[in-house]
Amino acid sequence: MPFSGTERPPRTRQRRGRPTSSPATLVVLDAASTAPLWRQIYDAIRAAITDGRWAPGARLPATRVLAADLALSRNTVTAAFDQLRAEGYITRRVGAGSFVADTLPETLLTVRFAAGHAAPRTHHRPVEPQRILSRRGRAIATSCTAFSVSDDVKTARGGGWRVPPFRTGVPALDEFPAALWSRVAGRRWRSRSVPLWGGAPAGERPLRTAIRDYLGSARGVRCEAEQVVIVNGSQQALDLVARLLLDPGDQVWMEDPGYPGARAAFQAAGADLVAVACDADGLEVEQAICAAPSARLAYVTPSHQFPLGSVMSVFRRRTLLDWASKSGGWIVEDDYDSEYRYASRPLPSLQGLDTTERVIYVGTFSKTLFPALRIAYVVVPSVLVDAFTAACTVTHRHVVPQTQLTLADFLAEGHFHRHVRRMRALYEERQAALVSVAARELDVHLEVSPAPAGMHLVAWLRGGMCDVTFASVASAHGLYVGPLSQYAINTPPRGGVLLGYAAFPPATLGKAAVRLAAALGRAPGSR
Ligand SMILES: Cc1ncc(COP(=O)(O)O)c(C=O)c1O
């Protein structure tokens, strides 16, 4: 409720140097407001300046006069003036008082277009990449065809996220302990132990140490904290690997089907991708050695092949390591979701078996915490530590230190382990729910079997419909199923789609399966 001042004055502009209109007519204080009094004075004067009622050069009332008018202490008014001065709205001339600044901060922040020059058009015009991009630029611009960013994950009405059912790769976002995370972050801020000036290119020491400890015990990774480099998601790890280790034309073994994000990163570097089939024992290493023995790099997901789900056999692991150590090739081990193994203990990493430092190990918090966190890590052989650190400096300087330190505390205090344990049990239940609703609702269209690990299932198509058509029928009904061919370089021998389950409670999966079955029933050629 206002307790001082009167109606707003009419919009008349003050002339230069003249005292401004009576402050009491302008500053209307509200006793019920949660904003402090100095802030209310600041807001009122700033509004009068920015909407033109107080012109540049106009003199402000003396703080003593304004304080008396408003029946406030002079300090309160001075605090408002100090803030306005600090932000550039007013200036003070010794002995003459305070004046509205000639150039307002808003003007300095706004681009002005010369008379007769229209503002640039904001809509996207198609251009011919050959004409404007470098060779590297063209490779980057054309590398993403199979790698769509998740724009189907939308903000729901009223906040939160609406993830379309069956979307792959998304953890249970509504189960993320946001209040706990913000408490951990808040404690860092309150203790003023976050660096505000900058960060270390390869990452904050407490996080690198916490990750080293976690990987040593949970994944059998052998490394020092210096070898752990913090990056903005595994995608950046793959990009850095490509920048540092690949020249255009270098051969790279790719799992087929495989992860489109890796394909995009290596394609963007101009690599020659060698598609290698995967069977129940993972990447067919012997076939890869025959096809491209002097490849520069092999990209593998040995703990849980993406997207088919097989585990690389110990024999193949040894053959792969042996090839790398003899040929001088590098192995990128992407260990993206090994935390979610339901039937047995997670298998130790390939990196842990490597005695000749040929493995570059990549892990992410996108699946265990949330994808927008954009924090992942690369464990690099010691000979590559300096190069990766330099690459971080050149590409992004460093990952946001505050977030890194919150994450370090989250790991060190055991919250991460508890969350992963809880999610493991939850995802196992959700997978069972998906298998059961698929058998009930979708059995005519899909063959779905349980899997011992992961966050999605591969469902094999029974009818004659192609996987892309199947996915577009689903998409027309607000569902996301990943067509297997989108993950493949060569046409897969059998049609299939990926069904994600981790992000969805059983009731959502049930309703979505009913919706999908109804949509497929109406679609031509579904059987
Ligand atoms: C095989 C694989 N690696 C990595 C990622 C995660 O990447 P990021 O850390 O960039 O979110 C995904 C996500 O779907 C994936 O499927």
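The first residue of the sequence shown is numbered 1, and numbering continues consecutively from there. Since the structure is predicted, the reported quantities are computational estimates derived from the model, not experimental observations. Both ligands and their constituent atoms are indexed starting at 1 by order of listing.
- Checking side-chain atoms of Thr389 against main-chain N and O of Val385 turns up a donor-acceptor pair under 3.5 Å.
- Of the possible polar contacts, none joining the Glu284 side chain to the Val276 backbone as a donor-acceptor pair under 3.5 Å is found.
- Of all the listed residues (Thr364, Val362, Asp334, Asp337), Thr364 holds the heavy atom that lies closest to atom 9 (O) of ligand 1.
- Scanning the protein for heavy atoms near atom 5 (C) of ligand 1, the closest one is Tyr259 OH, 3.5 Å.
- Remark: distances from the non-hydrogen atoms of Tyr487 to ligand 1 are all 4.0 Å or more.
- Atoms of ligand 1 lying under 4.0 Å from at least one heavy atom of Gln235, given by number and element, are 10 (O).
- Scanning the protein heavy atoms around atom 7 (O) of ligand 1, the nearest turns out to be Ser234 OG, 3.3 Å.
- At least one cation-pi condition fails for Arg430 and Tyr501: the charged atom is not both under 6.0 angstrom from the six-membered ring centre and inside a 45 degree cone around its axis.
- The shortest N or O to N or O distance between Tyr299 and ligand 1 is not below 3.5 Å.
- For atom 10 (O) of ligand 1, the closest heavy atom belonging to the protein is Arg374 NH2, 2.8 Å.
- A salt bridge links Arg494 and Glu447; the closest N-O separation between the charged side-chain nitrogens and carboxylate oxygens is under 4.0 Å.
- In the candidate list Ala262, Ser366, Pro260, Ser366 is nearest to atom 11 (O) of ligand 1, counting heavy atoms.
- The single protein non-hydrogen atom nearest to atom 13 (C) of ligand 1 is Lys367 NZ, 2.8 Å, given as residue, atom name and distance.
- Taking every heavy atom of both residues into account, Pro165 and Arg515 meet most closely at CG-NH2, 4.4 Å.
- Applying the 4.0 Å criterion to heavy atoms of Gly233 picks out, from ligand 1, the atoms 9 (O), 10 (O).
- Here the side chain of Arg263 pairs no donor or acceptor atom with the backbone of Gly258 at under 3.5 angstrom.
- One N or O on the side chain of Tyr342 and one on the backbone of Gly454 form a donor-acceptor pair closer than 3.5 Å.
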